[in-house]
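Down below is the structure, laid out as structure tokens.
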Amino acid sequence: MSIRRRRFAAALKPFRKPLIIAIANQKGGVGKTTTAINLATAMAAIGRRVLLVDFDPQGNASTGLGIDRRDRKITSYEVLLGAAKIEDALTKTRVPGLSVIPSTIDLSGAELELIDLERRTERLKEALAEQFVIDGFEYVLIDCPPSLSLLTLNALVAARSVLVPLQCEFFALEGLSLLLRTVERVKANFNPELDIHGIVLTMFDSRNNLSAQVADDVREYMGDKVFKTVIPRNVRISEAPSHGKPALLYDYRCAGSEAYMRLASELLLRSEAPMRPRDGSGLSETAGRKTA
Ligand code: ADP
Ligand code: MG
């Protein structure tokens, strides 16, 4: 990078530090990846520059965004182990404003390899640090694997906040308290800034009494940490990944796409509200979050 560009980037830094959000829940199949893909797409559609880090060896977020396996040459695995720079792993998606760092099954080996490395919990944080200055992403979403492993720990250490997708089912609250305890432990030992950004109820089925009961319990327990927007169970959402498209590109009018647009607006309002001028209204007026 030229000195001029570096100075320019440095001057913008206070405004452009991206908000890094880990999308985590140690349970599989609760809607982490679906939320990562569709929330990132909706935020990009609203005009934010978003980076999605696929941090699950299954690579479902990469697949769902239409990144062919042959095109995943440099991935989150190389970035994590310091074998590649993050800028070399950045891959554009067909959604304007949304890039991804893809993953492959290689990432499953990283866990063992990390054990011998120094600062093994801070690898992702350090890797992410420089690139932002260059490219000015406003949001980074990390799609975590379904475990509380060293990979998830790296994501929680790198992140400013955690977004928890919660499926409205019987054991939901039990899993949630384990996750909250983990977040508290990471906060105490590694990352004092870490906060719960919010809990999003997923795969909500309005015809099912249990869904409504669980949603009520979670709201009672977690208060306004729970997003008002609820993601309904919607078949178009589950069809979209097999077409390599986010639901918003596959069918932007389906109930699932609409819900993810509302979730994105709610999240942007929550995270950008303190930065808005007092008389400012509407997301587009947000101070300091605009890209140059
Ligand atoms: P996780 O990443 O937590 O393992 P996924 O996002 O992969 O969970 O979701 C698990 C499965 O549920 C996937 O097959 C996905 O397509 C489906 N799914 C997720 N959200 C919805 C939804 N709102 N409606 C219908 N199916 C959904
Ligand atoms: Mg997943």
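When a residue number appears, it is its place in the shown sequence, counting from 1. Each ligand, and each atom within it, is numbered from 1 in the order the structure gives.
Side-chain contact between T202 and K32 is absent, with no heavy atoms from C-beta onward closer than 4.5 Å. When side chains are defined from C-beta on, F170 does not count as touching V214, because their heavy atoms never get closer than 4.5 Å.
With atom 7 (O) of ligand 1 as the reference point, the heavy atom nearest to it among N38, V230, T33, N25 is part of T33. Looking at G31, P232, G28, G256 and measuring to atom 23 (N) of ligand 1, the nearest heavy atom belongs to P232. For atom 17 (C) of ligand 1, the nearest non-hydrogen atom from the set S238, C254, A259 comes from S238.
Remark: the backbone N or O of G256 is not paired with any side-chain donor or acceptor of R236 at under 3.5 angstrom. Under the 3.5 Å distance criterion, the side-chain polar atoms of D88 are left unmatched by any main-chain donor or acceptor of I74. With D205 contributing its side chain and P232 its backbone, the two residues share no donor-acceptor pair below 3.5 Å. Of the possible donor and acceptor atoms, none in the side chain of D71 sits under 3.5 Å from a partner among the backbone N and O of I67.
Residue, atom and distance of the protein heavy atom nearest to atom 24 (N) of ligand 1 are N234 N, 2.8 Å. Of the protein's heavy atoms, T34 OG1, 3.8 Å lies nearest to atom 15 (C) of ligand 1. Counting protein heavy atoms only, atom 4 (O) of ligand 1 is closest to G29 N, 2.7 Å. For atom 21 (C) of ligand 1, the nearest protein heavy atom (residue, atom name, distance) is M203 CG, 3.5 Å.
With a cut-off of 2.8 Å, the Mg ion (ligand 2) has an N, O or S atom of T33 in range.
Distances below 4.0 Å separate heavy atoms of I231 from the following atoms of ligand 1: 23 (N). For ligand 1, the atoms sitting less than 4.0 Å from at least one non-hydrogen atom of I237 are 21 (C), 22 (C), numbered in the order shown with element in parentheses.
Look at E169 and K27 and you find a salt bridge, because one of the NZ, NE, NH1 or NH2 atoms lies within 4.0 Å of a carboxylate O, short of that distance. Salt bridge status for K245 with E239: absent, with no side-chain N to carboxylate O gap under 4.0 Å.
Among D56, L80, L81, the one residue that satisfies the side chain to side chain contact (heavy atoms under 4.5 Å, CB included) test with L107 is L80.
By the definition of a contact as any protein heavy atom under 4.0 Å away, atom 13 (C) of ligand 1 is not in contact. At least one protein heavy atom sits closer than 4.0 Å to atom 1 (P) of ligand 1.
Of the polar atoms of R233, none of the N or O atoms is found under 3.5 Å from an N or O of ligand 1, judged by distance alone. For a threshold of 3.5 Å applied to N or O pairs, the pair formed by V30 and ligand 1 contains at least one separation below that value.
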